Number of protein chains: 2
Amino acid sequence: MVKTPETHSQSTENKILEAAKKVFILHGLEGTSMQQIASEAGINKSLLHYYFRTKEKLFDAVFTYAFHYIVPQMEGILSSDSGINDKIERIVTEYMDMLSENKFIPAFILHEINRNPDRLYNIMQKSGIKPEMFVNQFVNEIQQGNIRPIDPRQLIINILSMCIFPVAARPLIQRIFFGNNENAYRQFLEERKKVVSEFIIQSIKP
Amino acid sequence: MVKTPETHSQSTENKILEAAKKVFILHGLEGTSMQQIASEAGINKSLLHYYFRTKEKLFDAVFTYAFHYIVPQMEGILSSDSGINDKIERIVTEYMDMLSENKFIPAFILHEINRNPDRLYNIMQKSGIKPEMFVNQFVNEIQQGNIRPIDPRQLIINILSMCIFPVAARPLIQRIFFGNNENAYRQFLEERKKVVSEFIIQSIKP
DNA sequence: GTCTATATTGTGATAGAC
DNA sequence: GTCTATCACAATATAGAC
């Protein structure tokens, strides 16, 4: 994105990216101004255009970054040689931990993919996501009789749903069920890791 | 919102609201301009301010409307005297049908509650949502031994997650699993009503 | 590379004629 | 009630000095 010599400009480009992540993910593309990002980065507005020609291009960089958070890296775990129950538990635990640490990313991504699906098209071209990666692993488990027959896509979405939704809808759930108590909800999500694992495991028993 | 005589102005206020729903739910508060809404309604920009003083107030009306779509009306079903399995199936089916017909509302709400939780606070004050309504019904079922012991809040969120998420994340899932085929995804959601019901039922067996 | 200054367009909102 | 005209300001983006 920047020319080759770069005295200490790598640092500046990085400051911009970090600031842009922070602000874009909180307020979305349309809810964010270049001035906000510049202020957050402690630099001038014009510099943003110097490094990333347009607001749209800067946003693309942030979106790409955030996107990889909601497409989980299940493959390593699934292709290991543990039992299916252990695999489920590891996936759910690691995924929910990651989401909890980036709690604004789910709603951010969900909003932007509905607002502009074309951006999704472009980004998925580049990142070589192969749905078979996920699906085949579950097909194997079914063929070996480890889990009962089920559309693997439905199962995958069940898992993702129960991990992602409570983070994306946090402000609502936290208020309805926990009187807006931040810590109570954090603990609820902590317990939920076990709940979701058992829930999934129970539901796929042959 | 409008004075009492109103020649045929009721119709105008309604045209505005319908247009505002359409545009706000698609593009969000910040992604929508008053001009867009006026054009959609086929009227002048100033009229919007005449009926709803500010953009914020017009948005509040739309948000309130949309909000009632994602807080489901479980109570009638839960307090009926059917078996728990029938109740689950009815809730899931009716809720997913409603969401499918309003497929942009879930992501819209999820975005706006994260962007401005205070709005949620105000609206929930007015709409008398009592979490106990939902929770108590499940507590009853547990006490009668119809379902195994579980935190009712976790169970409720499991149900909501699996119904709402596949609608909110539709553009992403549709592209990954269905080559962006709209009809294929519609059918997938149709089958999913049965899948989710069975999934829940299986997981709560005592 | 980084800044200031500026161009240009679009925004929410109001005033006032009819 | 509905319109036109207009205000005050904020937005993205560029030009040009250093």
Side-chain angles (χ1 to χ4, degrees), chain A residues 1-63 108 111-112 115-116 118-119, chain B residues 1-64 111-112 115-116 118-119:
Chain A
M1 206 47 114
V2 66
K3 304 298 184 303
T4 17
E6 58 200 316
T7 54
H8 62 305
S9 62
Q10 162 62 13
S11 157
T12 298
E13 187 178 0
N14 229 284
K15 267 196 299 185
I16 293 175
L17 258 177
E18 289 307 313
K21 281 180 200 169
K22 210 164 171 177
V23 186
F24 270 138
I25 289 172
L26 258 169
H27 302 106
L29 168 60
E30 321 256 22
T32 298
S33 75
M34 295 295 264
Q35 182 55 61
Q36 279 178 272
I37 298 173
S39 302
E40 178 71 37
I43 55 160
N44 193 276
K45 235 179 13 164
S46 312
L47 265 187
L48 303 183
H49 290 96
Y50 175 79
Y51 282 94
F52 306 81
R53 248 168 40 75
T54 66
K55 183 188 184 184
E56 199 85 6
K57 285 192 200 305
L58 178 51
F59 180 82
D60 275 338
V62 173
F63 183 83
F108 167 74
H111 174 67
E112 299 295 346
R115 223 193 45 79
N116 184 2
D118 284 346
R119 198 189 318 276
Chain B
M1 205 48 112
V2 67
K3 305 298 185 301
T4 16
E6 58 199 313
T7 53
H8 60 305
S9 60
Q10 162 63 13
S11 158
T12 298
E13 187 178 1
N14 228 284
K15 268 198 296 184
I16 293 176
L17 258 178
E18 289 306 312
K21 282 180 197 169
K22 209 165 171 177
V23 185
F24 270 138
I25 289 173
L26 259 169
H27 301 106
L29 169 60
E30 320 255 23
T32 298
S33 74
M34 295 296 264
Q35 182 56 62
Q36 278 177 274
I37 298 173
S39 300
E40 178 71 37
I43 55 160
N44 194 276
K45 230 178 23 162
S46 312
L47 263 187
L48 303 183
H49 289 97
Y50 176 78
Y51 281 94
F52 305 82
R53 250 169 36 78
T54 66
K55 183 187 183 185
E56 199 83 8
K57 285 192 198 307
L58 177 51
F59 180 82
D60 274 339
V62 173
F63 183 83
T64 301
H111 174 66
E112 299 295 347
R115 223 192 47 78
N116 184 1
D118 284 345
R119 198 189 318 276

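For clarity, every value in this text was computed on a predicted model and none was experimentally measured. Numbers restart at 1 for each chain; the letters A, B, ... are given by sequence-line order, proteins then strands.
- The separation between A:Tyr50 atom OH and D:dC18 atom C1' is 14 Å, rounded to whole Å.
- Residue A:Leu47 contributes atom CG, which lies 15 Å from atom P of D:dT14 at whole-angstrom precision.
- Using a distance-only test at 3.5 Å, with no hydrogens or angles considered, a donor-acceptor pair links the side chain of B:Lys55 to the main chain of B:Leu29.
- Considering only side-chain atoms of A:Asn44, the nucleotide from D:dT12, C:dG12, C:dT4 that sits closest is C:dT4.
- The base of D:dT12 has none of its N or O atoms less than 3.5 Å from a complementary donor or acceptor on the side chain of A:Ser33.
- Listed nucleotides: C:dC3, D:dA13, C:dG12. Nearest to the side chain of A:Ser46: C:dC3.
- Distances shorter than 4.0 Å separate some side-chain N or O of A:Tyr51 from OP1 or OP2 on C:dT2.
- As rounded to whole Å, 9 Å separates atom P of C:dG1 from atom CD of A:Glu13.
- Distance B:His49 NE2 to D:dA8 C1': 13 Å, rounded to the nearest Å.
- Between the P atom of D:dT14 and the CG atom of A:Leu48 lies a distance of 13 Å, rounded to the nearest Å.
- Below 30°, between 30° and 60°, or above 60°: for A:Phe24 and A:Phe59 the angle between ring planes is above 60°, a perpendicular geometry.
- In this structure, B:Gln35 places its CD atom 17 Å from C1' of D:dA11, rounding to the nearest Å.
- Checked for salt-bridge contact, A:Glu18 and A:Lys21 meet the test: a charged N lies under 4.0 Å from a carboxylate O.
- Each of D:dT12, C:dA13, D:dC3 was ranked by its minimum atom distance to the side chain of B:Thr54; first place goes to C:dA13.
- One can place NZ of A:Lys45 at 15 Å from P of C:dT8, the figure rounded to the nearest angstrom.
- Distance A:Phe52 CZ to D:dT14 C1': 18 Å, rounded to the nearest Å.
- Taking side-chain N and O atoms only, B:Thr12 has a distance below 4.0 Å to OP1 or OP2 of D:dT2.
- Here the nucleotide nearest the side chain of B:Lys55, chosen from C:dA13, D:dG1, C:dA15, is C:dA13.
- Across A:Ala41 and A:Ile16, no two heavy atoms sit closer than the pair CB-CA, 4.3 Å.
- Across all non-hydrogen atoms, the minimal contact from A:Ala19 to A:Glu40 is CB-CG, 3.6 Å.
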